[in-house]
**Student:** 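One structure, pasted below without further comment.
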Amino acid sequence: MALGTFMLMLDLSVVAVALPEIHASLDSSFADLQWVFDAYALTLAIFLVAAGSLADRLGRRKVFQVGFAIFTIASLACGLAGDATALSIFRAVQGVGAAVMFAVGPAMLSHEFHGKARATAFTVFGAAVGLAVATGPLIGGSLTSSLSWRWIFYINVPVGVVALVIGMLRVSESRNLRAHPTDWPGLATFSIALAALVFATIRAPEEGWTSAFTLTLYAASAVFLVLFVVIEHRMGERAMLDLAFFRNPTFVGISMVAMIGNAGALPSVFFETSYLQNMLGMDAWQAGLRFLPLTVAMFVAGAIGGSLIGKVPFRFLLGGAPAIMAAGLLFLNSTEADSVWTVLVPAFVIAGFGMGIFNPARAALAIGVAEPAKSGVASGINETFQQVGIAVGIAGVGALFQNRVADSFTDSEVAGQLGADRAAEAAHAISSGSLETVAQSSGALREPVLSAGGEAYMDAFHSAMNLCAVLGFAAALIGFLMIRTKDLHHSATSTIPPDVDGPDDTDAPSGLSATTAS
């Protein structure tokens, strides 16, 4: 489980430092680079709930193994991709396999471990998630610099084979014999709604936010989302997404915290990597090495976060963690185009600590509010919200970044000398990480273009990071207001101190030792 989780989470962050190489190798645009991230996160989000439901019915180990095999084969295909479109398609297939692993894994841990051993298991799980996100830039930089960007995908193959053998020999099977068949109409409508939302957000900077194309996609997303809710309501107990879960305020709270918090967290890693490479001129290995403070902070905080489960109320863990992350991201406003890289260290350490604490507590609470028989579906729903946040966050923050670069650069004095069309093309290239190329092609205007382009990039970077911080603070507020110990499932053990919810909280179940009772 730890190997699988590490690899699938690694593939969310390992790509970040390889983007300049991918951009140069495949001649990709800024939108293409976003799709390298979002194609993976999108299918990961779409198939999580269905995977959890399918695993509960067919057997969690069996479905987990199939998902790992899909992930491993798709990783090989990503490494062999000949253009940006093929890479995005194979990333989407990779996301399907990752969805299966991510949805089923926590439920497998819940079945396999009990009591104090379960707390230990989820501590390891949280550390694996945090370590993967934090070490992604370092591992990606090492492989890209020493071999090629394709090796960030090839590396998954031998690890996948080893993990599949371990799963076959060491993991026991578990299933819910009363689980319902997969809700294909719900899966289809949800997939279309989410795909239209992300595609519209990514394309809007080029097509125009009020263009017929963009508005049509947003309208289609809204229509299919409404249709999805209607279908789920009529499906009752057979629904892919059990609407009964959303009558529980804590389940709604943790879902929203997972979505909004991750909408700020992962894009920040994306743009911090971009800043190191595009503004400070570092190669992939050098950029990845600079992420060590974030790596250490997340790893230590992941272990601490796991050990606090059962000792500290979830509202403080899941309200405090995104607030710490957001506070760290505000330090990025001190960066300049020619800063020393150590200006990032306070943000890395503080934000990394918040991210690390968040992961094990979120996974534990996500299935602690559900009855054990529905633990796979509950985990899948929460992971869906998390991946929706990542996909929409990267698209939305990326769109803001691209717009800010374009507005700032086209308003500069040198843009008038270049002409409107050439200035727009230059702004698009700058947002893709090609400032030096744009400057070299500008002849006598090289220095003014470098100066204006750097200012435009930094203005956009600060705006993007401030948006990520706002999302973190919003997630924190929701966590403090909506997460309540009394909403935990009655089968959970009683080791968490009661929250201060008022008089009606005293008779409620007081908590949960690690995740949920089996």
**Student:** Going by side chain to side chain contact (heavy atoms under 4.5 Å, CB included), name the residues that satisfy it together with D407, two or more places apart in sequence or in a different chain.
**Tutor:**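 Partners of D407 under the side chain to side chain contact (heavy atoms under 4.5 Å, CB included) test: none.
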
**Student:** With sequence neighbours left out, what residues match T85 under side chain to side chain donor-acceptor pair (under 3.5 Å)?
**Tutor:**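 In terms of side chain to side chain donor-acceptor pair (under 3.5 Å), with neighbours along the sequence ignored, T85 is linked to no residue.
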
**Student:** From L318 CG over to I254 CD1, what is the distance, rounded to the nearest 0.5 angstrom?
**Tutor:**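 Here the rounded value is 4.5 Å.
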
**Student:** Taking the side chain as every heavy atom from C-beta outward, state whether L344 and Y275 have any atom pair closer than 4.5 Å.
**Tutor:**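 Of all side-chain heavy-atom pairs linking Y275 with L344, at least one is under 4.5 Å.
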
**Student:** Return yes if some donor-acceptor pair links the side-chain N/O of R150 with the main-chain N/O of A81 below 3.5 Å, else return no.
**Tutor:** yes

**Student:** Mind checking the CE-CE spacing from M298 to M355? Nearest 0.5 Å is all I need.
**Tutor:** 6.0 Å

**Student:** Suppose the criterion is ring-ring contact (aromatic ring centres under 6.0 Å, His included): which pairs have a residue in residues 342-361, not counting sequence neighbours?
**Tutor:**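 Counting only pairs at least two positions apart or across chains, the ring-ring contact (aromatic ring centres under 6.0 Å, His included) contacts touching residues 342-361 are F291-F348.
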
**Student:** Distance-only criterion, 3.5 Å: show the donor-acceptor pairs between side-chain atoms of residues 67-77 and protein atoms not counting sequence neighbours.
**Tutor:**
from, atom 1, to, atom 2, distance (Å)
T72, OG1, F68, O, 2.8
S75, OG, F71, O, 2.7
S75, OG, Q94, NE2, 2.8
S75, OG, N156, ND2, 3.0

**Student:** Please report the interatomic distance OG1(T144) to CD(E21), rounded to the nearest 0.5 Å.
**Tutor:**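 Result: 6.5 Å between the selected atoms.
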
**Student:** Got a second to check how far C468's SG is from N262's CG, nearest 0.5 Å?
**Tutor:** 11.0 Å

**Student:** Using every non-hydrogen atom in the two residues, find where W151 and L143 come nearest and quote the distance to one decimal.
**Tutor:**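 The pair with the smallest heavy-atom distance is O-CD1, 3.5 Å.
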
**Student:** Run the side chain to side chain donor-acceptor pair (under 3.5 Å) test against T43 and tell me which residues pass, sequence neighbours left out.
**Tutor:**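 None.
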
**Student:** For S88 and A84, indicate whether the former's side chain and the latter's backbone hold a donor-acceptor pair under 3.5 Å.
**Tutor:**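 Indeed, once roles are kept as given, a pair shorter than 3.5 Å links the two residues.
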
**Student:** At what distance, to the nearest 0.5 angstrom, does CE of M465 lie from CG of L330?
**Tutor:**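 With rounding to 0.5 Å, CE (M465) is 11.0 Å from CG (L330).
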
**Student:** Would you say the side chain of L332 lies within less than 4.5 Å of the side chain of E272, judging by non-hydrogen atoms?
**Tutor:**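 Yes, close enough: below the 4.5 Å cut-off.
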
**Student:** Apply ring pair (Phe, Tyr, Trp, His ring centres under 6.0 Å) to F153 and list each qualifying residue two or more places apart in sequence or on a separate chain.
**Tutor:** none

**Student:** Is the shortest side-chain heavy-atom distance between I22 and L87 below 4.5 Å?
**Tutor:**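 In short, these two side chains touch, coming nearer than 4.5 Å.
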
**Student:** Please check if the distance between the ring centroids of F224 and F190 is under 6.0 Å.
**Tutor:**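 Distance test on ring centres: not under 6.0 Å, no.
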
**Student:** For F271 and G398, work out which heavy atoms get closest and say how close.
**Tutor:**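 The answer is CZ-CA, 3.8 Å.
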
**Student:** With a 4.5 Å limit on heavy-atom distance, are the side chains of I152 and I139 in contact?
**Tutor:**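 Heavy-atom side-chain distance check fails, nothing below 4.5 Å.
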
**Student:** For the pair S221 (side chain) and L217 (backbone), establish whether a donor and an acceptor sit closer than 3.5 Å, ignoring hydrogens and angles.
**Tutor:**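 Between the backbone of L217 and the side chain of S221 there is no qualifying donor-acceptor contact (under 3.5 Å).
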
**Student:** Holding to side chain to side chain donor-acceptor pair (under 3.5 Å), I want the full list of residues that pass it with D83, two or more places apart in sequence or in another chain.
**Tutor:** none

**Student:** Checking S408 now: which residues fulfil side chain to side chain donor-acceptor pair (under 3.5 Å) with it, not counting sequence neighbours?
**Tutor:**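 Not a single residue meets the side chain to side chain donor-acceptor pair (under 3.5 Å) criterion with S408.
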
**Student:** Step through it carefully: locate the ring centre of F401, locate the ring centre of F461, and say whether they are under 6.0 Å apart.
**Tutor:**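 So the answer is no for these two rings.
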
**Student:** Just to verify, what does I350 make a side chain to side chain contact (heavy atoms under 4.5 Å, CB included) with, not counting sequence neighbours?
**Tutor:**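 I350: side chain to side chain contact (heavy atoms under 4.5 Å, CB included) contacts with I324, F331.
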
**Student:** So, does S451 use its side chain to make a donor-acceptor pair with the main chain of E447 at under 3.5 Å?
**Tutor:**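 Side chain of S451 to backbone of E447, a donor-acceptor pair under 3.5 Å: no, none is there.
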
**Student:** Could you tell me which non-hydrogen atom of A475 sits nearest to which non-hydrogen atom of G261, and how far apart they are?
**Tutor:** CB-N, 3.6 Å

**Student:** Report the residues that fulfil ring pair (Phe, Tyr, Trp, His ring centres under 6.0 Å) with W285, sequence neighbours left out, ordered by chain and then residue number.
**Tutor:**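 Here no residue qualifies.
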
**Student:** Please name the pair of heavy atoms, one in S268 and one in L329, separated by the smallest distance, quoted to 0.1 Å.
**Tutor:** CB-CD2, 3.7 Å

**Student:** Return the minimal non-hydrogen interatomic distance between M168 and R61, and the atom names on each side.
**Tutor:**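 Closest heavy-atom pair between M168 and R61: O-NH1, 3.4 Å.
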
**Student:** Hey, mind stepping through M279 and M458 against side chain to side chain contact (heavy atoms under 4.5 Å, CB included) and telling me if it holds?
**Tutor:** CA-CA 9 Å; M279 285 293 101; M458 293 309 304; 3.8 Å; yes

**Student:** Calculate, to the nearest 0.5 Å, the distance between atoms CD and CD1 belonging to Q386 and I260 respectively.
**Tutor:** 13.0 Å

**Student:** Quick one: which residue pairs count as a side chain to side chain donor-acceptor pair (under 3.5 Å) with a foot in residues 334-353, not counting sequence neighbours?
**Tutor:**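 Checked against side chain to side chain donor-acceptor pair (under 3.5 Å) - neighbours excluded - the pairs reaching residues 334-353 are T335-H462.
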
**Student:** Is it the case that the side chains of Y457 and S274 hold a donor-acceptor pair, with the cut-off being a distance below 3.5 Å and no angle test?
**Tutor:** yes

**Student:** Any side-chain heavy atom of L289 within less than 4.5 Å of one from L292?
**Tutor:**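 Touching, per the 4.5 Å side-chain cut-off.
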
**Student:** Which heavy-atom pair separates Q65 from L164 by the least distance, and what is that distance?
**Tutor:** NE2-O, 2.9 Å

**Student:** Among residues at least two apart in sequence or on other chains, which ones pass salt bridge (Lys or Arg N to Asp or Glu O under 4.0 Å) with R91?
**Tutor:**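 Residues passing salt bridge (Lys or Arg N to Asp or Glu O under 4.0 Å) with R91: D11.
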
**Student:** Report the C-alpha distance between E455 and F409 in whole Å, list the side-chain angles of each, state the deciding distance to 0.1 Å, and finish with yes or no for side chain to side chain contact (heavy atoms under 4.5 Å, CB included).
**Tutor:** CA-CA 8 Å; E455 290 180 8; F409 186 78; over 6 Å; no

